[in-house]
Amino acid sequence: MNKPMQRIHYRLTATLCLALFACGQGNQPKDGNKHEQDSIAMREQFATSPVLDAKTAIGQMQVDKGLEVQLVAAEPMVVAPVTMSFDDRGRMWVVEMTGFMPDTTGTGEDKPDGKIVILEDTDRDGVMDKRTVFLDSLVLPRAICLIENGVLVATPPQLWFIENNGDKPGKKTLVDDQYAAGGNVEHQPNGLLRAMDNWIYNAKSDRRYRKEGNKWLKESTHFRGQWGITQDDHGRLYYNNNSENLLGDYFSPGLGGTNPQQNNAAGFDQKIVPDNRTYPAHPTPGVNRGYQKGTLDDSLRLVNFTAACGPMIYRGNLLPATYAGNAFVAEPSANLIKRNILSDSGYIVKGVQAYKGKEFLASTDERFRPVDLRTGPDGALYIADMYRGILQHKTYITEYLKNEIKMRNLTLPLNCGRIYRIIPAGSKPQPVTFELTPAFLGKMLGNENGILRDKAQQLIIDQHLTAMAPELRTMLKDATHPLTQIHALWTLEGLHSLTAEDISWIWQQADAGLKLQGLAALPSVLNSGSIKATVAALDSLSNNPYLAPAVAYILPAVGKLDKTAATHLEDKMIKAYAPDRYVSAALVNNAANREEALLKQVIAWNPDTTLVLRRQLQLVLKNMDSKANAKKMEALRKELPGGYKIFNTVCQTCHGKSGEGIASMAPPLNESNWVNGNKKAFISIVLFGLTGPVEVHGKMYKAPEINGDMPGIGGSDEFSDADIAQLLTFLRSAWKNKADKVTAADIQQVRKLHNGRQKPFTAGELAN
């Protein structure tokens, strides 16, 4: 079947499938006529998606009792906002991604029409009334970070630092020319979160950055998330991927990430809230796989997250105290914002949804697309709403969704965008402007609003206010304000004024949480003069199971100064904590380039094959073996450039660059029985997608361990059959895979075999 006819057939199938969905997947109830009539009425009710002005759109929102939604900015003041940040004057810096998906084929997506704008509330009434364009002519800009006298700007593939000369761009410095190389709009680094430990972290990335004088440092860290990143009051990071409510770290982000062979270290990229259920306020048929069983319920509402993004830990003091420390997550596909309640048990953080059957905020306006959430300086919860019809990128868009977009005229307009804030009903929060004085900034380090504490810490460091060190040291020793203690510690570290004596004082305190912070900050003060006393302290601290993971993560820094002491401490911790998954992960982090020797040492000490440390080392060695195929991969890249390009932009974003899979996202491709097995089955998966569970390497992968579904690319206008054939040939030859080639004729044959199919396959169907 040629492509035009195929699309028509798909659209008919999509409409039929949706009708069946409304009738319980084709199982006609006793009152079938009434059920079908209700379904048709429902479809007619949502046959159009009108463009609402911002104030009318607020009327379509249901928010928690006692709260209200206020408009902060709307078009033309702001257009297609994707992220935002506040400066010391309370102004809002907004990234406008106006070029995202102008139509269902992404026509003109590469046009330089993105902007960085500054929004200001000059009359202090809570509504932005002044717009200044700081940067324009950008292609799909995606992140900003305010630091010192300028701003970091991510515009793929580069990361730039641009000085701010009176709200006009000044000198440009290239920080990273490969910041967002490869991938696609949905799967490229973003975030640029200036974290408590004074490093800048990202989602969809394993790199962190820091400005030291006129130099920019770049280091490896743990791979995290997809879109959006946030931190709690202890500096731990949280993020998610599109089908996961909330993921995060149990430990300080600077610990670990130094062994390039280690993937998925225990204690990082953890499932914080495993419940992914959503409760839209209206039918949401316009989701990418709405035709698929289990995606929508009988009322056509999204069942589980499919576009989770923009997570935020609320650290303000304006909303009721019950919201403090809660995690809020945006779901633009279902036009809602979810609230999760988090709790600590030791260093382990877990969470549950705040409600069953409803959401913190849900709108009946299909064009409400919340993509970024922030705690404001005034304590309000801010929402960036792209306000548009098309949300899915062209790489993954299905024929079903294209039809939904066409039926309800969702392509236009493209010039909308809103920013809202949520406040207690009737309240009038005041904007906050920072005085750049030591007295004011010192006071703000003790503010109840964590965002203001962050900003005070950053401004002290940006202005190099080293004269504040004595005052900061006094704050560090004031146990009546534990959160201020943490900020004082990291502010001293950022000023390069933290000393070994400060850390030694921390070891003497009872607060284990403060000791964890001290361990994370320790590498910045370690030197030949302090190493002996430090080793003695670490030896003692390692006896505490709560502190042991952090102690083990410090071993690489210790080994640089005293290898013998580090080896002794490592051996002690192996024998004490080899069954502990978190300490084991830290020990593997310390074993870079000597994993095999350490494995032999562990086996000689204890031959137990179930020992956690042993298993983790074996996984790393397997990963190293896979990476040894680098020369082969380079040859394949040259031989099959089209296949490599699709792998790099589509496949590796979920399955990993080494083909070993990514936790919470997708199983491995390397040595996969599906990649190397039946050619027709593999082609069918890539064309139409696969619904889990699926067995790979003898292990069963299913949601929520991974994304429940792999989208097919057979309906994309972006790839020809020859392109797809080259991709499959590339995958069947990559790493340790060894299978015969795939041709365009093979692709066409499978298309013909499954003529008219739209839904993804199950593993059971393909095994038959």
Side-chain angles (χ1 to χ4, degrees), residues 193-199 230-237 249-255 313-317 321 324-325 342 344 346-347 349 375 434 438-463 465-526 530 533-534 537-538 540-541 544 546-547 549-551 553-554:
L193 171 70
R194 195 171 175 186
M196 194 174 294
D197 69 354
N198 303 312
W199 285 85
T230 185
Q231 70 175 353
D232 64 14
D233 279 338
H234 300 280
R236 295 174 296 197
L237 302 185
D249 303 341
Y250 295 160
F251 307 112
S252 178
L255 298 175
I313 305 299
Y314 181 71
R315 301 169 59 212
N317 59 339
L342 306 186
D344 277 312
Y347 44 69
V349 184
T375 305
F434 275 76
F440 183 87
L441 295 175
K443 180 180 178 181
M444 295 304 283
L445 280 179
N447 196 277
E448 290 183 279
N449 186 342
I451 302 306
L452 297 182
R453 295 197 302 273
D454 292 348
K455 181 62 71 173
Q457 174 182 324
Q458 293 162 11
L459 290 172
I460 291 169
I461 294 169
D462 287 349
Q463 294 184 94
L465 300 179
T466 54
M468 289 186 66
E471 180 185 355
L472 292 168
R473 209 158 269 119
T474 299
M475 293 179 184
L476 175 61
K477 295 181 178 180
D478 183 0
T480 61
H481 297 89
L483 294 180
T484 303
Q485 280 184 292
I486 296 173
H487 281 281
L489 168 67
W490 287 109
T491 306
L492 285 166
E493 194 274 346
L495 290 171
H496 303 291
S497 297
L498 189 68
T499 67
E501 288 74 19
D502 295 324
I503 299 295
S504 180
W505 176 86
I506 290 174
W507 301 154
Q508 310 308 314
Q509 308 311 301
D511 186 349
L514 184 61
K515 289 179 181 178
L516 280 179
Q517 298 290 336
L519 284 166
L522 179 60
S524 66
V525 302
L526 269 182
S530 63
T534 297
L538 292 176
S540 175
L541 293 170
N544 184 336
Y546 179 77
L547 300 175
V551 172
Y553 274 121
I554 300 303

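For reference, positions follow the sequence shown, starting with 1. In what follows, every heavy atom counts, from backbone to side chain, and hydrogens, waters and symmetry copies are set aside. Predicted, not measured: the structure shown is a model, and the values here were computed from it.
In terms of heavy-atom proximity, L237 sits nearest to P253 at CD1-CB, 3.6 Å. The minimum heavy-atom distance between I461 and L495, with the atom names listed, is CA-CD2, 3.9 Å. Residues A456 and M444 approach most closely at CB-CB, 3.7 Å, considering heavy atoms. Nearest heavy-atom pair, I313 versus T375, reported as atom, atom and distance to 0.1 Å: O-OG1, 3.8 Å. When every heavy atom of A520 is checked against every heavy atom of L255, the shortest pair comes out as CA-CD2, 4.1 Å. For the pair I503 and A521, the tightest heavy-atom approach, listed with the atom from each and the gap, is CD1-CB, 4.5 Å.
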Exercise for the section: Determine, stepwise, if the pair V525 / S530 fulfils side-chain contact (heavy atoms from CB on, under 4.5 Å). Expected result: CA-CA 8 Å; V525 302; S530 63; 5.7 Å; no
Practice task
Determine, step by step, whether I506 and L489 satisfy the side-chain contact (heavy atoms from CB on, under 4.5 Å) criterion, reporting the C-alpha distance in whole Å, the side-chain angles of both residues, the deciding distance to 0.1 Å, and the verdict.
Solution key: CA-CA 10 Å; I506 290 174; L489 168 67; 3.9 Å; yes
Exercise for the section: Applying side-chain contact (heavy atoms from CB on, under 4.5 Å), run through K455 and N447 and close with a yes or a no. Expected result: CA-CA 11 Å; K455 181 62 71 173; N447 196 277; over 6 Å; no
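With hydrogens and angles disregarded, a donor-acceptor distance shorter than 3.5 Å links the side chain of T491 to the backbone of H487.
Every residue meeting the side chain to side chain donor-acceptor pair (under 3.5 Å) condition with Q231, not counting sequence neighbours, appears here in chain and number order: D454. For E448, the side chain to side chain contact (heavy atoms under 4.5 Å, CB included) partners are N317, not counting sequence neighbours. T474 meets the side chain to side chain contact (heavy atoms under 4.5 Å, CB included) test with no other residue; sequence neighbours excluded. Every residue meeting the side chain to side chain donor-acceptor pair (under 3.5 Å) condition with D197, not counting sequence neighbours, appears here in chain and number order: Y201. Contacts of D462 classified as side chain to side chain donor-acceptor pair (under 3.5 Å), with partners at least two apart in sequence or in another chain: R194. Qualifying side chain to side chain donor-acceptor pair (under 3.5 Å) partners for T484, counting only residues two or more places apart in sequence or in other chains: none. Annotation: ring-ring contact (aromatic ring centres under 6.0 Å, His included) contacts of Y347 (sequence neighbours excluded): F251, Y546, Y582. In this structure, the salt bridge (Lys or Arg N to Asp or Glu O under 4.0 Å) partners of D233, at least two apart in sequence or on a different chain, are R315, R453. Remark: P482 pairs with Q485 by the side chain to side chain contact (heavy atoms under 4.5 Å, CB included) rule, at least two apart or across chains.
Under the side chain to side chain contact (heavy atoms under 4.5 Å, CB included) test applied with V551, the options L516, L538, L522 reduce to a single match, L538.
Screening residues 507-518 for side-chain hydrogen bond (donor to acceptor under 3.5 Å, both in side chains), with sequence neighbours left out, gives W490-Q517. Within the structure, salt bridge (Lys or Arg N to Asp or Glu O under 4.0 Å) contacts touching residues 479-504 (residues at least two apart or in different chains) are R210-E493, R473-D502. Screening residues 475-489 for salt bridge (Lys or Arg N to Asp or Glu O under 4.0 Å) gives no qualifying pairs among residues at least two apart or on separate chains.
For the atom pair L445 CG and L483 CG, the distance stands at 11.5 Å (nearest 0.5 Å). Here the OG1 atom belonging to T534 is positioned 5.0 Å from the CG atom belonging to L526, to the nearest 0.5 angstrom. The CG atom of L441 lies 11.5 Å from the CD atom of Q457; values are rounded to the nearest 0.5 Å. A distance of 6.5 Å separates CG of L514 from CG of L476, quoted to the nearest 0.5 Å. To the nearest 0.5 Å, atoms CG (L465) and CD (E471) are separated by 10.0 Å. Between atom CG of residue L472 and atom CG of residue L492 there is a gap of 4.5 Å, rounded to the nearest 0.5 Å.
Crowding of H496 atom NE2: a count of heavy atoms from other residues, nucleotides or ligands under 6.0 Å exceeding 12.
Looking at heavy atoms from C-beta onward, S524 lies in side-chain contact with L498 at the 4.5 angstrom threshold.
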